[in-house]
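What you see below is based on every heavy atom in this structure, not just the backbone, and it leaves out hydrogens, waters and symmetry mates. Reminder, nothing fancy here: chain letters follow the sequence lines and each chain counts from 1.
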Protein chains: 2
Amino acid sequence: MELRKDIHTNGIPVLCVSCEVRHRGVCGALDPDQLIALAKASHKHTIKEGEELIGDAEQIDVYSNVLAGVVKLTKTLSDGRQQIVGLQFAPDFLGRPFRKESSINAEAATEVSLCSFPKATMDRMMQEQPGLENRLLQQALIELDDARDWMVTLGRKTAAEKVASFLLLIARNIDPEREANGRSIAFDLPLTRADIADFLGLTIETVSRQLTRLRADNVIRIENNRHVTVENIDRLRGRAGN
Amino acid sequence: MELRKDIHTNGIPVLCVSCEVRHRGVCGALDPDQLIALAKASHKHTIKEGEELIGDAEQIDVYSNVLAGVVKLTKTLSDGRQQIVGLQFAPDFLGRPFRKESSINAEAATEVSLCSFPKATMDRMMQEQPGLENRLLQQALIELDDARDWMVTLGRKTAAEKVASFLLLIARNIDPEREANGRSIAFDLPLTRADIADFLGLTIETVSRQLTRLRADNVIRIENNRHVTVENIDRLRGRAGN
DNA sequence: GGTTGGCGTTGACCTGGATCAAGCTGTTCG
DNA sequence: CGAACAGCTTGATCCAGGTCAACGCCAACC
């Protein structure tokens, strides 16, 4: 990995200079020397939709930062029933410190761009740089809050409320196109109907029907199955039942 | 807080000497000086069943360690639907670092014994003792794993599987009486039927019926509504559908 | 061009769990 | 003692969402 030392980059590795998530992600906790060391061992790469990143009960030897795209975390029962237990967006950190093997699957829901580095390197840095552990703790606590919010959705909301909640979640996490009036927001769904069903604990058919209903009631518009325009965010919120 | 300095306690505050969770809980990360400082600001106390520990959207100014009993973490929708999003047993840490106010309710499910200390004291120690943050990160990651496991239960399991999974969860976390043959385990349910329903995303009636079915099928015995004997752990596991 | 296969929608029907209602058991309290 | 109440169980009925099946759309491929 080369290293430019001019004023602008200020000792920041080229790999990282243009990195969009550098400040928001875990790397933001590193000082320049550490960033250089980590960048040396890192590589950016792109994963195609549907490819598996981490297998259940597999050794984890790399951590990654999500630079772009959406990663779905899934769990599967022995008879094949599946549940998506989390979605990771940029600049989330992907990996499970303190454990040798993963208890979940991670799969690219869309095309995903990652910056990966060896677990060992990161683990060593965690010990010498407490700020890193602090960042990880913050992210873990946010993910825990999210997971618990979602437990309410899974356990207590109706199918209609689940689908509305899902759309709001995506709108919040995907960088959306906003219309001039500020009321209308548009985005591409990063998941197929089957994925949405697995996320919501529903079937494909129920998801489809609920989307149709939202469309029929002019709360959203859908083009090409994936592109959603929320006509009225407040009406959508009203249907999410919080 | 007094301080005995004989060989056995080795500079450990009296409050902590007999503490059953000292090594397993977050305090295990502190050196003797820090433990003394924290103990000075700490106090042990007991909370009766049903009492609220942390209110939703309330300021959190104390953290606590659970010494005994079970704390339920709940979330409630505006129309009153409730979901239990976590159960805390000894020696779990109770609190939410990095946030001023809580987004969940914490309530004593049974009589609960706590060791509480001011948030500010702990937050200061976190900065000077990285091991503390490490402990918290470890607990947060375990809670995250648990939450995600439970999402599968909520989203994809049947009522029968949910109830069996719940019994296994309790058997795993409550110190159970074990019978000689090693097959039979007994414990008291720390939750009412209503709480169990809120934990499983079911109604009281469904929980009751599923328990009745497990009893009719000789998988469990129930005395006084609360005392459960698992006749055959493997049969119970078989019904949890993993 | 036709075929195949993935993905989504829609309709008809069924069922697991919710809802509504009654009653049982044990405890507290006047 | 009886009344009131909390917690739990059980039965009858209902309905939201699952299941099964048909079909539409579109892209890839021969």
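- Between A:L191 and A:F166, the closest side-chain pair of non-hydrogen atoms falls below 4.5 Å.
- One interatomic measurement links the two molecules: CD1 of A:I222 to P of C:dT9, which rounds to 6 Å at whole-angstrom precision.
- Atom-to-atom, CZ of B:R213 to C1' of D:dT9 comes out at 16 Å; the value is rounded to the nearest Å.
- In this entry the distance linking CZ of B:R81 with P of C:dA18 reads 13 Å, nearest Å.
- Counting heavy atoms from C-beta outward, A:S102 and A:R96 have side chains that stay 4.5 Å or more apart.
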Using a cutoff of under 3.5 Å, can you pull out all pairs of nitrogen or oxygen atoms linking the protein to nucleotides 6-8 of chain C, with atom names and distances?
| unit_1 | atom_1 | unit_2 | atom_2 | d |
| --- | --- | --- | --- | --- |
| C:dG8 | OP2 | A:R193 | N | 3.0 |
| C:dG8 | O3' | A:N225 | OD1 | 3.4 |

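- Atom P of nucleotide C:dG16 and atom CG of A:L202 are separated by 18 Å, given to the nearest angstrom.
- In this model, no donor atom of one side chain and acceptor atom of the other lie less than 3.5 Å apart for B:S116 and B:H43.
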Sequence neighbours excluded and cut-off under 3.5 Å, please list the side-chain donor-acceptor pairs for residues 146-155 of chain B, or say none.
| unit_1 | atom_1 | unit_2 | atom_2 | d |
| --- | --- | --- | --- | --- |
| B:R148 | NH2 | A:E143 | OE1 | 2.9 |
| B:D149 | OD1 | A:K75 | NZ | 2.7 |
| B:W150 | NE1 | B:F199 | O | 3.2 |

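- Judged by distance alone, with hydrogens and angles left aside, the side-chain atoms of A:R239 form no donor-acceptor pair with the main-chain N or O of A:E161 at under 3.5 Å.
- Nucleotide C:dG16 holds its P atom 11 Å from the CD atom of B:Q210, rounded to whole Å.
- With hydrogens and angles left out, the side-chain atoms of B:N105 and B:E52 include a donor and acceptor closer than 3.5 Å.
- B:L211 places its CG atom 6 Å from the P atom of D:dT9, with the value rounded to the nearest Å.
- The phosphate of D:dG18 (OP1 or OP2) has a side-chain N or O of A:T206 nearer than 4.0 angstrom.
- Using modelled atom types, one side-chain atom of B:R156 and one backbone atom of A:Q82 make a donor-acceptor pair closer than 3.5 Å.
- Atom CG of A:L214 is separated from atom P of C:dT10 by 13 Å (rounded to the nearest Å).
- Looking at heavy-atom distances under 4.0 Å, A:G50 makes no contact with the nucleic acid at all.
- Checked by atom type, the side-chain pair A:K157/A:N242 shows a donor-acceptor distance below 3.5 Å.
- Distances shorter than 4.0 Å separate some side-chain N or O of B:T203 from OP1 or OP2 on C:dA18.
- Here B:T158 does not reach the OP1 or OP2 of C:dG16: none of its side-chain N or O atoms lies under 4.0 Å away.
- Side-chain atoms of B:D92 and B:Q139 form no donor-acceptor pair, as typed in the model, at a separation below 3.5 Å.
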Pairs under 3.5 angstrom, nitrogen or oxygen only, protein versus nucleotides 20-28 of chain D, please.
| unit_1 | atom_1 | unit_2 | atom_2 | d |
| --- | --- | --- | --- | --- |
| D:dC20 | N4 | A:E205 | OE2 | 3.0 |

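- If you take CG of B:D195 and C1' of D:dC8, they are 14 Å apart, rounded to a whole angstrom.
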